[in-house]
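Below is the structure I would like to discuss, written out as structure tokens.
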Amino acid sequence: MADRTAHHVRSWGLWALPAPALAFFLLVDLTALACAAGLLSNRTSFGGATTAVVLCACGVVSVEGARRVERRRRRGGALHKDLQPVWMIAAAIALPPATALVCVVALRLWWRVRASRCIPHRWVFSTAVAMLAAAFAHSTYVMVDGALATAGWSPRQVPILAMVTAAVVFVAVDAVLCAVAIRLLDPASTPAEMFGERAELTVDAVAAGLGCLVAAASMVTPWAGILGVPITLAGQRALLLGQLESEAHTDGKTELTNFPRWRQEVEELLDRARRRDGRFAILLADIDHFKLINDRHGHLAGDQVLREVADRIRAVIRSDDVAGRFGGEEFVIGMPDVDVRHAVGAAHRLRSSISDARLPVRARGDLGDPASDAGANAVPGFATPTGADWVQLTVSVGVAVYPVDGTTLDQLLEFADRGLYAAKTAGRDRVSRGLPPDVLVADPVLPLADSVPPPADSVDGFPAGAGFPTSAGVPGQPDSRANPYSPGRHLRPGRHALPGLPPEPERPADPGRLTASSS
């Protein structure tokens, strides 16, 4: 049995951590163990058994009552913070130190038993952090209470100030130790990733306040702690509201903003541009030949393509830009404080980024051997190496800028849509505003140089004879080869010829929030 346990410990991911992170994890764990050993060896640090049992029972009821909520919140992928520290803070204040540590460990063990998944070394580290936070909080409470009483403060004020200070110390110790661990695991972490956003800090504040209330009630009578159960359960459900609101405003396949929410945000930004006499750009992008991807590879591969395009959009836009899914395979981006030149440059940067993408996908089994589809039925843009199909992505982009191309959002969207249609007509994988030359000349910020016609041996951006209808000669559609400045003709400088907008640097993946209740 001992050998099996030792082998299990050796298999933990703890030993694969970077050396500084490994040393810090072990230091915190051993410090908590030494602190617990010192307190448990002192018999005078025990007491308050009834209060301890009530607080542990209330904590268990709260954990069980919020299981469905917490399971839903974990699925949301947000930094995880809950109200479990309420009972630990109350124990640290209302109980002797050794009994408080027993309560903390008991609550953490119950959480471990009931957790569906748990990373062992992170659970051990989080438990050690909670133990140290409780020990510091109790010491702070005793010290502040004694100091204020000696200084002659009112007996009504002393306990309140001591409780608040102890709760703040508990939250601060937890936050600082976890932030250091996150920074050691990922040196590029930002303060928001280390300490959490405003929502996570609000949860900490709520837990500290409720912990003080439960501790005060428990000091009056041990059974008064039960009053905190419905409050924490209601608080746990309230934590879900922000995530539900975010889910309601997010497109499920791409995780971009859905169009109703995008429209609301862009209307506000456009109003600000009107008030400040500024510029505002709209980019409308459409994946070329998306129906062929669905027909050949299936809709799951189509969903994979949508996610890839969304990821590349997020990588090239600024933090102030608003990207959303317009519908189907179309994406829309609102860009504040952008003139025509930079909007076209940003559109080319987006197009180039996506045109570099080649995705491995699995061909649909009911369509036969993908390699046998070569020849007359071959789909351009798809290569089929052994064991995989590759999808070569391209997009067409329409551009509209306020106030040059329209003064309302609907006008801008309509103008961008016309540009998108012109880019499709001219050969796809292009950027267009869909304007004749006289209109372009009237706009001094957009140069006309470096317009490049499509290759002579291509039709609509694909090799001649690829099996797709040409735009030239189609009734009602302009022949973009005859006149490079005809309506619908794209402006296509060489890659990155226009400066565009510098992309935001990629941020590393969030290593996960290590809190007193994380796994």
Side-chain angles (χ1 to χ4, degrees), residues 254 256-257 259 262-263 265-266 269-270 272-273 276 278-288 308-326 329-357 393-406 409 411-424 426 428-435 440 443-452 489-507:
T254 64
L256 292 176
T257 304
F259 184 70
W262 179 89
R263 185 183 186 96
E265 293 183 10
V266 169
L269 293 175
L270 191 56
R272 186 179 67 179
R276 299 180 179 180
R279 297 289 185 103
F280 191 90
I282 297 290
L283 306 185
L284 186 59
D286 182 89
I287 303 175
D288 297 326
E308 175 67 19
V309 172
D311 290 342
R312 290 179 178 255
I313 289 175
R314 277 189 287 263
V316 300
I317 65 175
R318 306 169 303 172
S319 58
D320 293 338
D321 299 335
V322 183
R325 186 181 178 193
F326 190 75
E329 67 273 23
E330 293 182 326
F331 299 85
V332 65
I333 304 170
M335 311 183 76
D337 304 318
V338 173
D339 59 17
V340 176
R341 178 186 180 90
H342 289 88
V344 173
H348 278 292
R349 186 183 295 275
L350 173 63
R351 179 197 61 78
S352 298
S353 173
I354 295 174
S355 297
D356 291 337
L393 300 181
T394 62
V395 295
S396 301
V397 186
V399 181
V401 178
Y402 168 86
V404 180
D405 303 324
L409 180 56
Q411 290 175 353
L412 292 173
L413 287 172
E414 183 179 357
F415 193 94
D417 187 59
R418 288 203 303 267
L420 175 61
Y421 178 77
K424 292 283 189 181
R428 300 181 178 88
D429 191 19
R430 308 185 182 212
V431 173
S432 174
R433 291 181 64 216
L435 295 175
L440 291 175
D443 190 347
V445 297
L446 180 63
L448 292 177
D450 298 328
S451 293
V452 180
R489 178 62 188 171
H490 71 290
L491 296 175
R492 190 184 187 188
R495 274 190 179 180
H496 308 301
L498 291 178
L501 297 170
E504 294 272 313
E506 293 188 8
R507 293 182 178 181

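Keep in mind the model is a prediction, meaning the values are calculated, not measured.
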> Shortest non-hydrogen contact from L412 to G406?
Replying inline: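 Shortest heavy-atom contact: CD2-O, 3.6 Å.
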> Roughly how far, to the nearest 0.5 Å, is CG of D320 from CG of D337?
Replying inline: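 D337 atom CG to D320 atom CG measures 8.0 Å (nearest 0.5 Å).
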> How long is the gap from CZ on R314 to CG on L256, to the nearest 0.5 Å?
Replying inline: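 The CZ atom of R314 sits 4.5 Å away from the CG atom of L256.
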> Do D286 and F326 pass the side-chain contact (heavy atoms from CB on, under 4.5 Å) test, and can you show the C-alpha distance, the side-chain angles, and the key distance before you say yes or no?
Replying inline: CA-CA 9 Å; D286 182 89; F326 190 75; over 6 Å; no
> Do T254 and F331 have side-chain heavy atoms sitting under 4.5 Å apart?
Replying inline: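 Result yes, sub-4.5 Å side-chain heavy-atom pair found.
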> Ignoring hydrogens and geometry, is there a side-chain-to-backbone donor-acceptor pair from D405 to V401 under 3.5 Å?
Replying inline: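 It does hold such a pair.
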>> Rounded at 0.5 Å granularity, tell me how far CZ in R430 sits from CZ in R351.
In response: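 Separation between the atoms: 9.5 Å.
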> Could you state the interatomic distance from OH (Y402) to CD (Q411), rounded to the nearest 0.5 Å?
Replying inline: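 Going from the OH atom of Y402 to the CD atom of Q411 covers 10.5 Å.
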>> Suppose we screen for side-chain contact (heavy atoms from CB on, under 4.5 Å). Which residues come up paired with A347, at least two apart in sequence or across chains?
In response: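 A347: side-chain contact (heavy atoms from CB on, under 4.5 Å) contacts with L283, V397, V399, V431.
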> Between I282 and F415, is any pair of side-chain heavy atoms under 4.5 Å apart?
Replying inline: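 No, their side chains stay 4.5 Å or more apart.
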> How far apart are the closest heavy atoms of A323 and I317, and which atoms are they?
Replying inline: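 Distance-wise, the nearest heavy atoms are CB-CD1, 3.8 Å.
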>> Within this structure, what is the CG-OG distance for the pair L284 and S432, rounded to the nearest 0.5 Å?
In response: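 Between atom CG of L284 and atom OG of S432 there are 11.5 Å.
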>> Using side-chain heavy atoms (C-beta onward) and a distance below 4.5 Å, is R279 in contact with P403?
In response: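 In contact.
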>> For a 4.5 angstrom cut-off between non-hydrogen side-chain atoms, does D417 reach E414?
In response: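 Contact flag for D417/E414 side chains = no.
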> Under 3.5 Å, side chain of S353 to main-chain N/O of R349, donor-acceptor pair present?
Replying inline: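 No.
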> Within the distance-only criterion (no hydrogens, no angle test), does the side chain of W262 pair as donor or acceptor with the backbone N or O of V322 below 3.5 angstrom?
Replying inline: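 Yes, because the side chain of W262 sits within donor-acceptor range (under 3.5 Å) of the backbone of V322.
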>> Would you compute the distance between atom CD1 of I333 and atom CD1 of I313 and round it to the nearest 0.5 angstrom?
In response: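 Interatomic distance, I333 CD1 to I313 CD1, rounded to 0.5 Å: 4.5 Å.
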>> Closer than 3.5 angstrom, by distance alone: can the side chain of R318 be matched with the main-chain N or O of P336 as a donor-acceptor pair?
In response: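 Yes, R318 side chain to P336 backbone: donor-acceptor pair under 3.5 Å.
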>> Checking D288 against S396: is there a side-chain donor and acceptor pair closer than 3.5 Å?
In response: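 Yes, a side-chain donor-acceptor pair sits under 3.5 Å.
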>> Is there a side-chain contact between L393 and R312 in this structure, where contact means two heavy atoms from C-beta onward sitting under 4.5 Å apart?
In response: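 A side-chain contact is absent here, since even the closest heavy-atom pair is not under 4.5 Å.
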